There are 4 protein chains.
Amino acid sequence: MDESTEPTTTDLAPAGRLDAYRRIRRVTETLCEPLRTEDFVVQSMPDASPAKWHLGHTSWFFETFLLKPHLAGYEPVDPRYEVLFNSYYNTVGEQYPRPERGLLTRPTVEEVFAYRRKVDDGIGALLDRRSAEANGGLASVLEVGIHHEQQHQELLLTDLKHLFSRNPIRPVYRPRTGGIHPVPAPARFIPHEGGIVEIGHSGTAADGYSFDNERPRHRVLLQPFALADRPVTNGEFREFLEDGGYADPRHWLSDGWDAVEKNGWTAPLYWRCEDGRWGTFTLAGFRDLDPAEPVCHLSYYEADAYARWAGARLPTEQEWEAVAAARPIEGNLQESERLHPAPIERDLPPGPARIYGDVWEWTASAYAAYPGFRPNPGALGEYNGKFMCNQFVLRGGSCLTPRSHIRPTYRNFFHPEARWQVTGLRLAKEA
Amino acid sequence: MDESTEPTTTDLAPAGRLDAYRRIRRVTETLCEPLRTEDFVVQSMPDASPAKWHLGHTSWFFETFLLKPHLAGYEPVDPRYEVLFNSYYNTVGEQYPRPERGLLTRPTVEEVFAYRRKVDDGIGALLDRRSAEANGGLASVLEVGIHHEQQHQELLLTDLKHLFSRNPIRPVYRPRTGGIHPVPAPARFIPHEGGIVEIGHSGTAADGYSFDNERPRHRVLLQPFALADRPVTNGEFREFLEDGGYADPRHWLSDGWDAVEKNGWTAPLYWRCEDGRWGTFTLAGFRDLDPAEPVCHLSYYEADAYARWAGARLPTEQEWEAVAAARPIEGNLQESERLHPAPIERDLPPGPARIYGDVWEWTASAYAAYPGFRPNPGALGEYNGKFMCNQFVLRGGSCLTPRSHIRPTYRNFFHPEARWQVTGLRLAKEA
Amino acid sequence: MDESTEPTTTDLAPAGRLDAYRRIRRVTETLCEPLRTEDFVVQSMPDASPAKWHLGHTSWFFETFLLKPHLAGYEPVDPRYEVLFNSYYNTVGEQYPRPERGLLTRPTVEEVFAYRRKVDDGIGALLDRRSAEANGGLASVLEVGIHHEQQHQELLLTDLKHLFSRNPIRPVYRPRTGGIHPVPAPARFIPHEGGIVEIGHSGTAADGYSFDNERPRHRVLLQPFALADRPVTNGEFREFLEDGGYADPRHWLSDGWDAVEKNGWTAPLYWRCEDGRWGTFTLAGFRDLDPAEPVCHLSYYEADAYARWAGARLPTEQEWEAVAAARPIEGNLQESERLHPAPIERDLPPGPARIYGDVWEWTASAYAAYPGFRPNPGALGEYNGKFMCNQFVLRGGSCLTPRSHIRPTYRNFFHPEARWQVTGLRLAKEA
Amino acid sequence: MDESTEPTTTDLAPAGRLDAYRRIRRVTETLCEPLRTEDFVVQSMPDASPAKWHLGHTSWFFETFLLKPHLAGYEPVDPRYEVLFNSYYNTVGEQYPRPERGLLTRPTVEEVFAYRRKVDDGIGALLDRRSAEANGGLASVLEVGIHHEQQHQELLLTDLKHLFSRNPIRPVYRPRTGGIHPVPAPARFIPHEGGIVEIGHSGTAADGYSFDNERPRHRVLLQPFALADRPVTNGEFREFLEDGGYADPRHWLSDGWDAVEKNGWTAPLYWRCEDGRWGTFTLAGFRDLDPAEPVCHLSYYEADAYARWAGARLPTEQEWEAVAAARPIEGNLQESERLHPAPIERDLPPGPARIYGDVWEWTASAYAAYPGFRPNPGALGEYNGKFMCNQFVLRGGSCLTPRSHIRPTYRNFFHPEARWQVTGLRLAKEA
């Protein structure tokens, strides 16, 4: 895939709008190619959804927020989908219970793909029929839908990885030969002088797309700090583990220690020691642990405990953004098709590396509203704001995130116990 | 299907053995014809299993107990299936956890059908290679396997019905036009004088196949009693419901009342009142409740509460058998392809009717060993005996039971809270 | 206590009625003497009740079923007690939730004792005011109340034992010096020829008191069998344990094995291995395990697994009663004040020993209605009948059972997972 | 009580140290005076602890952190108390499981009071034996212990209130006559211009006592905002309720709505509508709801939902502190002996009122480390830091908080679902 032609929020000018839409939709379907029909159906835990549901829900989003209100004469594909594929929009109406998404063997995979095509036809008609000017009024909703679909691309892969990991047969999503790489040099801490910095997204068209939770841009006062030049690696995390890190409550938050005991955690999700060798389950199957790769599938609790053990701490999201804002958006993202963190080079050039891609980086910041935050109007106001509680912010995107989806101000968020996303950490310190 | 050519335990003479095997295996596959690939995969509750698992497990049974020990040179289709498709045989080895059977998107449906074919080939080779005489030594295991597969045919359908019932789209397994029938005459109680009767199966070849739990045949002393000439109907059960039966603890066993409150039961499973009319979910979809049909999908608790409300009681399994032993094995069984209880005729001829088929009838008897009970030798000893606790005996088969599978001495058993089987009741009284 | 003057159901003649009542009530209070105020209040698990609740509930029983309906001008001590101390009588009215009995710090212990005294005064007045003849009409309810209170005496002690066992301080109810006794000779199996036997209680005054669940007396046909001459001992059970009995699913019922895994059982309740020596918690504190004592605090599952491991089985309740009916009612019962099973003598005389007292003996019989069973009329019909499901019958009484409370036909019952009662086993075999 | 003689952190000069200690200890015991022995024992939910445990734990604190390490020749009162009364200090050793604190009927209440006296004697000896100078080294630990005991005074009362509320008898802790007061004028929003403000405690002796979580003092940049001049009242909250607030997910955080559904919340904790009138349970028993009182016993979710419904938001803790820092520390605190929020006057003078006392005010701030936060050294480092996750900060103290315990920088924290503390809210808005 030629990254230079990637859709970005800035090229959603009237002419390119439909192209951008179609490109994103096609990516989703390409990601499904390695799946067998059976793989689309199952929900391996309440947090995850079947691939089929992701396909349906992203189409429902366009149907609900664009076709039904705006395309004259549009007939819903199936009125029952309004409930089946509604994730959490109370304003739209009733929702089929999330933990039961895996019960829906019908509509079949074929029928859901047919649903997608009909929605695509509808969007084509909508953008066609209306003048570019008029479309302008819908563009912001279309953009939300496109970025929404990109989020579900990542979820589709993480949910599938979890599903495959539970099968003793260990299915492979896409084979890839790996290897063990040399251990990189220790991380360097890059100082930042603190002071007043601007955080968040301006919301202007010139600055491209943003979700409501990134706004408004505002000033914060930072104390001096230092940020590691790269994420923590598997090899480094294994030292924590071998030092008894999972057995010593002093490293852990109280809730984290409870989680360790309740869940019996002794290593990151997907790590497994077989015949004395650590390996990990990946979308390419189970393979030996590469100590040079950024560690991933950590809960917030594990990231935080590691940092404390290492004599450091997690950065706040403001600290992270203050550093990231100056870095180019490049890295091991979805388009690399690696679908796994890439090993850290033995010797990194000076300056912060691997800011984008590889692993989402847990920050010390609880997910909360920026001062003056205003949710989107209408049902889309439920997109982000109502989750501002009990979650922590992650920054930077992962190897499963599309390049056009990530930016310095992007705020991802998960509950601190969640481990099935591609989540790692980068250390910070007081200056 | 011509019932006269149905396999029975008596025609498993050397020549017919392979035919019998093939016929049963074909029935299972025929039952799967209406399914879409997606329908094979999902487990809708821990008690149920995916259709795919039933297909694999019944093949595993033949592979484990016949091919591996007896077919020289046999190579297991996939060594991992030994764990994946082992239901509960600790003697055989480890089992994949029952509540997680729905996580296995692989092996695919196609691969499981391939597994079946290879096992079928193996059984063909086994019976072919060995002389009829030698085969005799394996016949009893083969027979267990055949009857085992028939049990799973019924489970496959009940599990599928449960799965479809949880889908708001209400998929249809096989369309069927029904209707509302006239209310039958009240049940008559047929007296039995009691005394010493023989119960259970002789275990001799002349008497055909039996499971170990039906043996030994033994004498019991019955008090005089009376048994209703037919099962309780939907219409009769609706009276209980409309009389506040589900709201009055006095009708219920203590554990039953707890189940009512914990589960919020207000009607039999699959009943639903829509727009003031009662309907029920069937393998032909949701349709109006026919008051003339035997009521089904009752827990033991509901059957027992109904009986108490009606001034009667459930029969013991010995009472039931004392009456049933004299009746021909005929009725609304799987071969009728109705897959649902049939309405009771308005006027029944004298004598007990509907003994076999329609609905499994709950008895008042806790499932326990007969005096002198000996489990099968080896791993097959785990088939029945270890479940003799906390369950109740059901008798007579249902509309999903193959005719060649049922007999007067047959003991089915489920936990008293179970409702997803085709379970109803017939009243009894002191004489 | 002079056993010859013990109340029995036969001496409840008009003159002795009030004495019998007072004697039983006094026993309950004597059992409470070693308690501190704090010990009366706490509920250590949902199955157990605080001592204070037992004191209140038994008084509530007399108040509800005798004083309120029969004593003219009686004013309830506190109308709120009607709900607080109602155990499970839906016919009487609402009940305070069982698992929350330990929340009631008020009424205080003192107030509950005051309640008892007022109820005692009321009963005195009731029996005084009414002629002996008229009292006759109430005698059966009074007798139920007296036997009910005796049941709660045993529960009070078992609940207290459980409470103390959860406290690392290991409080002592009543100190007692124990010791280790020589291992008794192996159990002998005493044959019984089977045939038709009479089971159950006649219900006539001449035969003394009985609960409704012991009636009607009826004939059953037994196969020949053999019953061990004594219960299984700690030493014998330890062999099962040391043979890996708790780690081998082949010995266990399926539900039993689930209970082992869910609860992490590795020994009977209250057993604990400290510094390589087995000990057990008793009402006299923690002490070394005496191999000669009957093993106790077994679930049904453990009793059943032991029997299977030992090549035997549990007796049915009919087999047990057929043997016990001929034995005198004597043994290590509550009046011995040992409050713990007594060691088996090294050499027992021929014939069945230890039939009564020491440990309740699990039988293979699910708790069910006898043919022709009729519950007591009115609210007292809830006493026994509604529990005839998912429980197993125990026979013979324990070291905590009053002598006047037990008899050959007495049917105790508990869920198969229950372990906090003084429950053991005696083996049986086919003849 | 003469507030002018109240201990404060500043009068812990050598001479007054022991007096301060004794005064605080006596307050705890005074608070227990209305209790019956039974009331000391029970734990009404896992979050709460028995009064007896609070008495023991606060003594354990002084014994563990002062007497054992510093008083030569000190013999622990009972070595088992080290485990029984350790709350959560992994560094000290094993802890008796928190949800089982209510199982400990022994040590008795009397024994726990004796423990307290022995610890008091020890502290007396410790402070006596050592020179004032040397004591200086222990003063900071003593101060922690004193403030720790004050925290448990508040918990003792809230836990007791919860316990009593679960008893249908509705015990009264301390009778008090209340009444219904006139509805106060609407709240006024007082603007604050924002800018850089200093937050947190300096940690210098001159500024008095502080916990580690209040430090270091640091600068933050605030946007302009406005803060209500008083807390929200019962009457105002009732409007939310009557407007269907508990039935409309749009007002709620997603986790909050889950909590509403899971717990069946329809009103604040302790509110109950009887015969069409709202009342609430208080330490003075159940009484009519006074619309003029600050609403209390709200979860964070309810406070947040109310604010959204009211078109406002919760203040951040920095906003709150920026306003509070200038206000005198006075109000309806523990010393008023009201033990319940006091009605808001109909007309308040200009400026923020009721900053301290009445109700803890939920802020929008997740509980987190201040920049540069350093936990206390040693085991006391577990006091605050390990809870910095999944909780929200509350400010200002309540009617149960001692006056000498509260200050502008004080950070209380609870999980957002907690309702049994005296928790309410004050609204904020963007300027």
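Small disclaimer: the values here were computed from a predicted structure and weren't measured. Residue numbering restarts at 1 for every chain, and letters A, B, ... go by the order of the sequence lines.
- Contacts between residues 375-394 of chain B and chain C, counted as heavy-atom pairs separated by less than 4.5 Å, involve B:G385, B:K386, B:F387, B:M388, B:C389, B:N390, B:F392.
- Side-chain contact between B:H218 and C:L221: absent, with no pair of heavy atoms (C-beta onward) separated by less than 4.5 Å.
- With a threshold of 4.5 angstrom between heavy atoms, B:Y301 approaches chain C through side-chain atoms but not through N, CA, C or O.
- Heavy atoms from other residues, nucleotides or ligands lying under 6.0 Å from CZ of B:R98 number more than 12.
- Looking at B:R250, the atoms closer than 4.5 Å to chain C (heavy atoms on both sides) all sit in the side chain, from C-beta outward.
- With a 4.5 angstrom heavy-atom cutoff, C:L222 does not touch chain B via any of its atoms.
- Contacts with chain C (heavy atom to heavy atom, under 4.5 Å) involve these residues of residues 82-95 of chain B, listed by number: B:N90, B:T91.
- Contact between C:P371 and B:Q223 at its shortest, heavy atoms only, is CB-CG, 3.5 Å.
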